Amino acid sequence: MMNGYLVLFLSWSLALLSMGTSVCAQERRDQRMDSVREAFAEQMLKGFSREENQKLQARQEIWIRNNPYQPFKRAFQYAQRSTAQSRIYSNILVISSTDLYENATAKEKIDRYIDDILNAFGCNVALETVAGGTPGDIRALITEYYDDDGLDGVVFMGRVVPAIYEVENDHFWWNGGFGYSSFPCELYYMDLDGEWLDNDNNDRFDDHKEGSGDKSPEIFVGRIDPKSMGNYGDEIELFATYMDKNHNYWSENITLPQAGVNYLESDFANASNDLDLVYGDEVEHITYPNTSRDDWLNNRLQQDIGFIHLWTHGHVNGHSFSGGGVSTSDTFNAEPKPRGVNAISCSVANWVAGNDNGFVVGAYVFNNAPTSLTAIGSSKTGGMADYRTFYESLAQNNTMAHAMTDWYREVIDNWENHTAFNAGYDYVLQWYYGIVNIGDPMIVFKEVPSVDVDTDVDTDSDTDTDTDSDTDTDSDSDSDTDSDTDSDTDSDSDSDSDSDTDSDSDSDADDGADSDADTGCGCFAVGQAELEPRNLVDFTMGLICSL
């Protein structure tokens, strides 16, 4: 009997100790992540300024003023219904601008793309065309499909109205902040059960709450809009060129090299190499001082590889590198060869601020190279840190946008309430709400899927043209845009703006992090090493913490 009580006592003791060590491990991990995040933020924000932000905002206001909301019209075109028994995805929605689909060349490319997706994934694919509307109109259309049959993702083609989010003082804790900031926010179309608010009724969202569900995305979204690259060609010609190489990919006429490059400029040289989750040892890890403008353009972008991960300072029309800046035109003319790009570089994906003249991430996709297909970047000050989940998902042969959605869920679920270094600082909003996927969101990087399917085509056009511009949701409808800006400003001031930032290579970016491979300024090792106690001192501390 005594032995039984002893065993029970020891079991309870071990359980208590285990709980205590777990609590302490979590506390230590949070503290470590806070210090690393703070170092990361300091380095990231060194490449930006209040003046740069004001210039970007003024350019964006010009676009908004020149593109006021118009009455909404939608037309159901058709649905391809698959009989495949085993599906990777069930339902995909393609939303094309009406004017793009009415062009015969573009129509042929869009219809062919839908066949490609259906045959690759064995899913149902529906096509809707839209003209005008508010973000609420577009979200209502997407929600209708999601509620009726379920929906995995949406592909925007041509000009589909963006949702704009605003922040009163972006990164307020950093030297007084950058001041007012607004930016395109695709998360609005991805999170269908959250509540998006426009408290000052200026057609820009300024708050995001859980609503009927949570704040995480339900679906993935990607955007193929060559109109945003107006300085580099006619919209239809750019679209046709892109869709032809995209078709070559789905026809398996483009190889998928199982190799990548991890390219880290000076302030981020200590970030992790999580691309190895996708390609193992076939990742070339290049860090400052071996990085430079010329090396990037003439060597790295010319490599026939599957994926390239970049971390450097930037703005809408350029990256900053050792030895000078790289502009949108530099990138476009280099004709990048990698199939996919993750550009962690401030504001490089803000196609609205690009004013339809071009932007860096667009240049990675809509150039004349036969193999450049899709890219991720941020439309605001920030970028995809904590990216381990993203690469874990790509390694499972998930699509680019699916991996982005997995990553969004991870960071929102784990960090939305985490006050990173100042009370009240919403880390996820400030750093991540601008992440967007430009190019085909359905691209995968391990093996192009292929499914034998029979299809039925549903062409009922019963939804045919819904013109009420107010079908709404919470979009705060269509009172125009508040262009007030001062139109001005060097619309295209290019590139090398902050090429100066690359100097002190070994910043304090990885404070206290050597013990964990993942704790540089890049991935912050959520769910990684738990710092389990290895000796009596740690074991005792675990007990103390649990009390």
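Nothing fancy with the numbering, it's 1 onward along the sequence. All values reported here derive from a predicted model rather than from experimental measurement.
- The closest side-chain heavy-atom distance from Pro338 to Gln303 is not below 4.5 Å.
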### Query
side-chain hydrogen bond (donor to acceptor under 3.5 Å, both in side chains) between Glu166 and Tyr180: does it pass, once the steps are laid out?
CA-CA 7 Å; Glu166 65 180 353; Tyr180 175 83; 2.6 Å; yes

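- We find that Glu102 and Lys107 are not joined by a salt bridge, their nearest charged nitrogen and carboxylate oxygen being 4.0 Å or further apart.
- A donor-acceptor contact shorter than 3.5 Å is absent between the side chain of Ser322 and the backbone of Ser292.
- Remark: the Asn350 side chain and the Gln60 side chain contain an N/O donor-acceptor pair separated by less than 3.5 Å.
- In this structure, the side-chain contact (heavy atoms from CB on, under 4.5 Å) partners of Thr405, at least two apart in sequence or on a different chain, are Met190, Pro217, Phe220, Arg409.
- Within the model, atoms CD of Gln57 and OG of Ser347 stand 8.5 Å from one another, a figure rounded to the nearest 0.5 Å.
- Here the shortest heavy-atom pairing between Tyr189 and Pro135 reads OH-CA, 3.3 Å.
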### Query
Can Val155 and Tyr113 be said to form a side chain to side chain contact (heavy atoms under 4.5 Å, CB included), step by step?
CA-CA 11 Å; Val155 183; Tyr113 172 78; 3.7 Å; yes

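- In this structure a side-chain-to-backbone donor-acceptor pair under 3.5 Å is missing from Arg204 to Val167.
- A cation-pi contact, defined as under 6.0 Å to the ring centre and within 45° of the axis, links Arg139 to Tyr188.
- Ring planes of Tyr364 and His319: tilted class, angle from 30 to 60°.
- The CD1 atom of Ile138 sits 6.5 Å away from atom CZ of Phe156, with the distance rounded to the nearest 0.5 Å.
- Separation of the His208 and Tyr165 ring centroids does not fall under the 6.0 Å cut-off.
- We find the CH2-CG distance between Trp431 and Asp386 to be 11.5 Å, quoted to the nearest 0.5 Å.
- Side chain of Ser251 to main chain of His247: a donor-acceptor pair is present (N/O by atom type, distance under 3.5 Å, no hydrogens or angles).
- How far CG of Asp111 is from CG of Asp116: 11.0 Å, rounded to the nearest 0.5 Å.
- With sequence neighbours excluded, no residue satisfies salt bridge (Lys or Arg N to Asp or Glu O under 4.0 Å) with Asp200.
- Of all non-hydrogen atoms in Ala401 and Asn437, the two that sit nearest each other are CB-OD1, 3.6 Å.
- Within the structure, every pair that satisfies the salt bridge (charged side-chain N to carboxylate O under 4.0 Å, His left out) test and touches residues 362-385, not counting sequence neighbours, is listed here: Asp170-Lys380.
- In terms of modelled atom types and a separation under 3.5 Å, the side chain of Asn398 and the main chain of Ala403 share no donor-acceptor contact.
- Taking both residues in full, the closest heavy atoms of Val365 and Ile438 are given as CG2-O, 3.5 Å, listed atom of the first, atom of the second, then distance.
- Side-chain contact between Leu127 and Ile114 is present, with heavy atoms from C-beta onward closer than 4.5 Å.
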### Task
Determine, step by step, whether His309 and Tyr387 satisfy the side chain to side chain contact (heavy atoms under 4.5 Å, CB included) criterion, reporting the C-alpha distance in whole Å, the side-chain angles of both residues, the deciding distance to 0.1 Å, and the verdict.
CA-CA 10 Å; His309 174 98; Tyr387 41 71; 3.6 Å; yes

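- Between Asp281 and Asp276, the closest side-chain pair of non-hydrogen atoms is not below 4.5 Å.
- Nearest heavy atoms, Val316 versus Thr328: O-OG1, 4.0 Å.
- Listed for the Asn355 side chain is a donor-acceptor partner under 3.5 Å among the backbone atoms of Arg59.
- When only modelled atom types and interatomic distance are considered, Glu335 and Ser372 share no side-chain donor-acceptor pair under 3.5 Å.
- Formation of a donor-acceptor pair under 3.5 Å by the Asn67 side chain with backbone atoms of Trp63 is found in this model.
- Looking at heavy atoms from C-beta onward, Ser379 lies out of side-chain contact with Val352 at the 4.5 angstrom threshold.
- For the pair Val326 and Leu297, the minimum side-chain heavy-atom distance is below 4.5 Å.
- With hydrogens and angles ignored, the 3.5 Å screen pairs a side-chain donor or acceptor of Thr312 with a backbone N or O of Ser320.
- Taking CG of Asn53 as the start and NE2 of His315 as the end, the distance is 13.0 Å to the nearest 0.5 Å.
- Under the rule for a salt bridge (Lys or Arg N to Asp or Glu O under 4.0 Å), Asp99 has no partner lying at least two apart in sequence or in another chain.
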### Task
Starting from the C-alpha separation in whole Å, work towards a yes-or-no answer on ring pair (Phe, Tyr, Trp, His ring centres under 6.0 Å) for Tyr432 and Trp407.
CA-CA 10 Å; Tyr432 297 153; Trp407 167 83; 4.8 Å; yes

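- Between the side chain of Arg112 and the backbone N or O of Met243 there is at least one donor-acceptor pair closer than 3.5 Å.
- Leu187 places a side-chain heavy atom less than 4.5 Å from the side chain of Trp196.
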### Test side-chain hydrogen bond (donor to acceptor under 3.5 Å, both in side chains) applied to Thr134 and Asp137, step by step
CA-CA 5 Å; Thr134 66; Asp137 294 322; 3.2 Å; yes

### Message
Under the criterion side chain to side chain contact (heavy atoms under 4.5 Å, CB included), I'd like the reasoning laid out for Asn262 against Phe307: C-alpha separation, chi angles, the key distance, then a yes or no.
### Response
CA-CA 9 Å; Asn262 188 39; Phe307 204 93; over 6 Å; no

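- A search for salt bridge (Lys or Arg N to Asp or Glu O under 4.0 Å) contacts involving Arg293 returns Asp330, not counting sequence neighbours.
- A donor-acceptor contact shorter than 3.5 Å links the side chain of Lys446 to the backbone of Val278.
- Using cut-offs of 30° and 60° for the angle between ring planes, the Tyr232 and Phe332 rings count as tilted.
- For Gln258 (side chain) and Leu256 (main-chain N/O), a donor-acceptor pair under 3.5 Å exists by modelled atom type.
- Between Arg388 and Asp274 there is a salt bridge, with a side-chain nitrogen of the basic residue lying less than 4.0 Å from a carboxylate oxygen of the acidic one.
- Tyr433 places a side-chain heavy atom less than 4.5 Å from the side chain of Val428.
- Between Asp304 and Lys337 there is no salt bridge, since none of the side-chain N atoms of the basic residue sits less than 4.0 Å from a carboxylate O of the acidic one.
- Pairing each heavy atom of Gly377 with each of Ala349, the nearest pair is C-CB, 3.5 Å.
- Salt-bridge check for Asp295 with Arg300: passed, with a basic side-chain N closer than 4.0 Å to an acidic carboxylate O.
- We find the CH2-NZ distance between Trp250 and Lys245 to be 15.0 Å, quoted to the nearest 0.5 Å.
- When every heavy atom of Ile305 is checked against every heavy atom of Ala259, the shortest pair comes out as CB-O, 3.5 Å.
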Counting only pairs under 3.5 Å, give me each side-chain donor-acceptor contact of residues 234-242, with atom names and distances, residues two or more places apart or in other chains.
| from | atom 1 | to | atom 2 | distance (Å) |
| --- | --- | --- | --- | --- |
| Asp234 | OD2 | Ile236 | N | 3.0 |
| Asp234 | OD2 | Glu237 | N | 3.1 |
| Thr241 | OG1 | Glu237 | O | 3.0 |
| Tyr242 | OH | Leu373 | O | 2.5 |
| Tyr242 | OH | Asp440 | N | 2.8 |

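- By the 4.5 Å heavy-atom criterion applied to side chains, Phe321 and His313 are not counted as neighbours.
- The aromatic rings of Trp296 and Tyr263 lie tilted to each other, with the angle between the two planes from 30° to 60°.
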